[in-house]
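First up is the structure itself, then whatever we jot down about it.
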Amino acid sequence: MTEISKAYEPQSVEDKWYDFWLKQGCFTADPKSAKPAYSIVIPPPNVTGMLHMGHVLNNTIQDILSRKARMDGKEVLWLPGTDHAGIATQVMVEKQLKKEEKKSRHDLGREEFLKRVWAWKEKHGDIIINQLKKLGCSCDWTRERFTMDPEYSRCVQKVFVELYKKGLIYRGKRMVNWCPATQTALSDEEVEMKPQKGFMYHFKVQVAEAPDTWLTIATTRPETIPGDTAVAVNPKDPRYAHLIGKHIVRPLPAELPQDKKLIPIIGDEHVDFEFGTGVLKVTPAHDKADFDIGTRHKLPLIEVINADGTMNTLAGGPLARLDRFKARKVAVEILTEQGVMIEAKPYENNVGFSQRADVPIEPRLSEQWFLKYPAVPESKACVAEGRMKFHPDRWAKVYDHWLTNIQDWCISRQLWWGHRIPVWYNTEIRAKLTKQIPVVELSGHELPGSNIKQLRDAAWQFADQHALLNHSFPNAETGWNLVVRTASLEHAFTHQGVANIKAVVVLPELIRTASKVASLHHLPPSEHFKAVHLFVAAARIAGELYQVKITVKEHLDGQKLYDHQLFKINTPDGKSPTPAALASKPTRPTSGVDVCIADLFTNVNTDTTFTRCQIEEPGPDWTQDPDVLDTWFSSWLWPFATMGWPEQTETLKKFYPTTDLVTGPDIIFFWVARMIMAGYEFMGEKQFALPDAMPFQNVYFTGIIRDKQGRKMSKTLGNSPDPLVLIAQYGADALRFGTMRSAPLGQDVLFDEKDVELGRNFCNKLWNACRFRQMQGGEVQGEIERTLLTPDDKWILLKLDAAIREVTIALNEYKFSEATAALYKFFWSEYCDWYVEASKASLPRPPAEAAPGEAPVAAVALSPEVEARKANTIAVIDFVLSHTIRLFHPFVPFITEELWNGMGYATDMPDNQGGKTIMNAPWPLPFDDDFKGHYGLDDCYVEMTDTKYELVRNGRDLRRAGNIQAAKKVKYVFKPAQHLTPHDAEVIKLLLNAESLGVNDAYQSPKGTPVVASPLGELFLPLEGLIDVAAEKIRLTKEIEKIQSEIVKVEQKLANPNFTTKVPPTVLAEHEQRLVEWKAKLAHAEAARGALG
RNA sequence: GCGCGGUUAGCUCAGUGGUAGAGCAUUACCUUGACACGGUAGGGGUCGGAGGUUCGAAACCUCCACCGCGCACCA
């Protein structure tokens, strides 16, 4: 810092130091370090994202925490990365595709489309990362992760497989939140309820059995009438109860014949007879509550709306192919034409909207994957018991409430961009379901025996006699020769039921007729076997139909080894045996009947037989589920999947669980709660030997950034400033400091560019305070000689001590705005405003600049005493600055690094203690008693010096009272009440900006001289003729009135016996002291007024 | 409907029972040894309302009003 500019220029400083930090590896965490660990995982921003003010707030806080932890001597890991943001990214690439090539993703096909998404990611994915670097974020970039990284994807799939095997993940046909715009299912959390203005339509329907009776139905969705399969009334409702069991004529679709439009009137408790007309139309296919009613009453489902939100043909001719909202209007028109529309009342109700696409959700029946949330009790307990702390803690209640009421999580999405569901379906079986295979009848060769043991013996004898063992038999369909081993039969005879034993009689026939339905890779991978093939055959034994599952292991040498298992086939309800189904096909002869393969599976769990949940592709006959997983299903693993899980890596051992999480409360359910559950499920004692697997110890919830009118920042409103523009204009430090200054704990932040300006101004002040020090020259960080300390020195050291305490406490409590306020107050209002000015008394003026044409003024040699005092003052300044800069570092990293090095404070430090970079300089500690004792830092110096500065303030007042211009140098006279050191006199003179300060303890002021009094003495401004006496009198009178009112207040309190007897002694003494002070002030003020004449 | 926040200076906010605060804005004056991105001095508040507890309430309790947010099956 040789040439220090007058104003701080962040642009020339910030990039330089960021590069330096990167090159030095300052952000890289070492899991082998002996230092205690501190870790944060970044809430991964979307790869599509651009930095916005929310990121600035969130990441500045994380950076402050990380940098403070490093200065505290911790080994810090701040782990960065991005997430793939399924819907957002896919929609964005689709839009681009449409714009540039006028193509849809279906035109390209899945594989090609995904190539485009990856290309887009490669091109734009690091934009936000680079923006975070601009902000100064000290993330360990060597560990940057992306949720679609191969290793990460494997974690996601492993987790899916595990949860599936535990039975926590299942596939089901359910009512889900369907987004017609993006045509995918959404989780409950992605639906936002919004009040919508619409109409409540009342229309009437005729009761079929009583044509004179009409019921009035209220609905907001007349377009769904064609999907109605009942109307419901409350069975306790006297108006309608008698109609239950009768039918009404559904008015739509109008063109259907009457008998196709009759739907029953049912009774259901769900119906609120206060609401609407008390008659509810039931549309089970398009409403969640109606679906439940439909289930209770076994109502048929009629789907009338397509996946894209248009009506289908079942909705009727005029409605078909119309968008659902257009169809609503048309439906109303038709009802009006029919004369059944009674009225349309304007009505506002809550409608679920797709959070992403901002279109109304359509409840829709579809087959999706669901997760029963794991580890819920543990997740609730850790927060409820305070082992994991939320800041502010009121979010704990919200969290608990959500966990108490959660429904299973719909995790599948009908998208292409994301983690493909690791479930495989057999394709061959599907093609073969309609294939008929002959039923092998067990007749003629019944095995003798009345118990299992006898049957078994007979079976072995049969196998032996008929040369079944270790012989091969041809399969008609594949031409393969299947080898029957002793082991195969042993298995069938020992572990399976009687039917398996009896079937040995027809074994060659079973093998011949069996149909191959699937091939699988051998799992676990084996040295001996290539693949496993599944065959199916049918057998009838004692009148019961059996599915024969034949497993063929294909040896590497081509040998195919046979194994079998029989399952009894029942009808779906499990009661009567299936042959009824066969008998119902009269064209078939009674023996040698064929059976459809599909029938063989009526009671077999096809999910386990023909569905595989595993990471690798099972075999050539298998196709993967087309859906992808909800993006949150990958980000809930973030705290450990980024650290090398499932391997027990050094990083995991050192840095998991993480220390702090900083995020917004809007994703408390989406992300925070789910991460906690994942932590318990996958890092718990069973899997990872962690006694408490919670993923973080503290969660700090930031506020939401709003504009200064309090509106949420959004792209559409255009009220979100671009942080990069702000950084370019004011500097990253300014943006950080300003944001922190205006972001109180747990409150939304009303952002104003003025805040950044404040930050910029502050950096400039810091810069110039250091510049002032630079201009004094002298030894850097010289020894402080305690005997030479002035009261002002002691005052600022004590204020520094207080500031260290305040900032440290504020940071420990995550009160960032308090910490910045404390720093601001200390540095600006105490150090710059008072101490620097006072210190000038000890720093002799530099020689005045020579006027043009004159010879330069020679430097005057200073006396040794003056030199010593000067050196000591500079040492104090260095001490204060070197501490202050460190206190500031986490908030404003760039300027502090520049100053730390430029001022030379780094030079005497060891490399790992601030010698290279301020990043690892030790965080300042409050002074201990030894330190204070050694330097004589007694609190009395604070009081004494405050009194001195108060006198100065009052003295400055006199100027204004006298209407004296600020620049005018005036002479003051001081009449001390006690001994005043020449140094203090000099300080007072300087602070008053006086031409001179005459110290005279016998001073007699002329009439009309303004005066202020203090415990130190009286300060006069003897400027006869220049003083506006009248103005000063008015001022004093006003002040006297104010003092009097204060005295009255205190006196009243002290006169109250209730007060004096009940109050603690310290408070009483305080009030008495206050009265004495006010009375003294009153006396001074009155005397001053009297002196004016 | 239930729950959670908030209401203090023109604006944004601190303030956990004992003399009402900060920053910005504003007014006047000032380029004085680092800083006009600065300095000095001011003006500006019956702390949303009403009760209560207390010697004492901006703060604690009750009710009410308004603003914001979250949750909830209302056709």
Side-chain angles (χ1 to χ4, degrees), chain A residues 4 6-8 193 200-201 217-221 232 270-272 274-283 287-290 292 347 349-350 392 394-395 397-398 401-402 405 665-666 668-669 704 706 708 710 730 734 738 741-744 746-752 754-755 757-776 815 817-818 821 824-825 828-829 832-833 836-837 840 843-846 848 953 956-957 959-961 963-969 990 993 1046 1049-1050 1053 1056-1064 1066-1068 1070-1071 1074 1077-1078:
Chain A
I4 186 159
K6 198 168 170 183
Y8 174 56
M193 299 304 274
M200 177 70 87
Y201 301 96
I217 299 177
T219 183
T220 52
R221 302 199 63 188
H270 168 81
V271 181
D272 177 354
E274 302 283 318
F275 196 88
T277 59
V279 184
L280 171 66
K281 70 192 252 327
V282 183
T283 326
D287 183 282
K288 272 187 186 176
D290 289 2
D292 293 340
Y347 183 74
N349 65 333
N350 277 331
R394 69 186 138 89
W395 293 110
K397 210 170 166 178
V398 177
H401 182 251
W402 183 76
N405 297 296
D666 48 337
I668 187 168
F669 310 138
I704 292 167
R706 299 169 180 280
K708 56 181 167 180
Y730 297 100
R741 180 71 218 267
S742 58
Q747 299 280 349
D748 286 356
V749 183
L750 300 206
F751 180 81
D752 186 343
K754 288 273 178 208
D755 297 328
E757 221 172 278
L758 172 113
R760 190 260 324 253
N761 295 352
F762 188 82
C763 290
N764 191 56
K765 190 78 176 175
L766 184 60
W767 182 258
N768 273 293
C770 290
R771 196 160 91 101
F772 172 75
R773 157 66 188 91
Q774 281 291 74
M775 292 169 107
Q776 305 308 319
K815 291 177 178 168
S817 71
E818 254 177 49
Y824 190 99
K825 180 187 71 149
W828 201 307
S829 309
C832 289
D833 286 353
V836 170
E837 294 307 320
K840 288 172 183 172
L843 302 169
R845 257 170 211 283
R953 235 186 310 254
R956 287 166 176 171
D957 255 5
R959 284 172 161 280
R960 179 182 142 87
N963 277 333
I964 293 162
Q965 296 213 320
K968 172 95 180 156
K969 291 271 186 183
L990 262 167
N993 191 26
E1046 292 295 335
K1049 267 201 260 176
V1050 182
K1053 273 194 175 183
N1056 184 351
N1058 271 329
F1059 179 78
T1060 47
T1061 53
K1062 290 184 183 172
V1063 113
T1066 49
V1067 175
L1068 184 62
E1070 211 177 277
H1071 280 75
R1074 202 186 301 158
E1077 278 166 16
W1078 282 121

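Only a predicted model underlies this, so the values are computations on that prediction, with no experimental measurement involved. Chain identifiers are assigned alphabetically (A, B, ...) following the order of the sequence lines, protein sequences preceding nucleic acid strands; residue numbering begins at 1 within each chain.
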Query raised in the report: Nearest of B:G42, B:G18, B:G39 to any side-chain atom of A:Asp957?
Result: B:G42

Requested in this report: Would you tell me if any nitrogen or oxygen in the side chain of A:Arg394 comes within less than 4.0 Å of OP1 or OP2 on B:C4?
Outcome: no

Query raised in the report: What is the nucleic acid contact for A:Val836, judged by heavy atoms within less than 4.0 Å: base, sugar-phosphate only, or nothing?
Result: base

Query raised in the report: Looking only at atom C1', what distance separates B:C63 and B:G18, rounded to whole Å?
Result: 28 Å

Query - C1' spacing across the pair B:A36 / B:U31, given as an integer number of angstrom - result: 7 Å

Query - salt_bridge(A:Lys1049, A:Glu1046) N-O dist < 4.0 Å - result: yes

Query raised in the report: Below 4.0 angstrom from OP1 or OP2 of B:A75, is there any side-chain N or O of A:Asn349?
Result: yes

Query raised in the report: So, is A:Lys397 close to the B:C4 phosphate, meaning a side-chain N or O under 4.0 Å from OP1 or OP2?
Result: yes

Query - Residue A:Val271, side-chain atoms from C-beta onward, closest of B:G39, B:C4, B:A75 - result: B:A75

Query raised in the report: Base, sugar-phosphate alone, or nothing: which one does A:Leu758 contact when heavy atoms must sit under 4.0 Å apart?
Result: sugar-phosphate

Requested in this report: Describe the nucleic acid contact of A:Thr219 in one word from base, sugar-phosphate, nothing, applying a heavy-atom distance below 4.0 Å.
Outcome: sugar-phosphate

Query raised in the report: Taking A:Asn350 for the side chain and A:Met193 for the main chain, is one N or O donor matched with an acceptor at less than 3.5 Å?
Result: no

Query raised in the report: Ignoring hydrogens and angles, are the base of B:C35 and the side chain of A:Lys765 linked by a donor-acceptor pair under 3.5 Å?
Result: yes

Report task. Using a 4.0 Å heavy-atom cut-off across all strands, classify A:Tyr347 as base, sugar-phosphate, or nothing. Result -> sugar-phosphate

Report task. May I ask you to say what A:Glu1070 touches in the nucleic acid, namely base, sugar-phosphate or nothing, with a heavy-atom cut-off under 4.0 Å? Result -> sugar-phosphate

Query raised in the report: Is A:Pro1064 touching bases, backbone alone, or none of the nucleic acid, heavy atoms closer than 4.0 Å?
Result: base

Query raised in the report: Taking only side-chain nitrogens and oxygens of A:Trp828, does any of them come within less than 4.0 Å of OP1 or OP2 of B:G39?
Result: yes

Query raised in the report: Quick one: which of B:A20, B:C74, B:A22 gets closest to the side chain of A:Arg741?
Result: B:A22

Requested in this report: Scan A:Asp292 against the nucleic acid and name what it touches under 4.0 Å (heavy atoms): base, sugar-phosphate only, or nothing.
Outcome: nothing

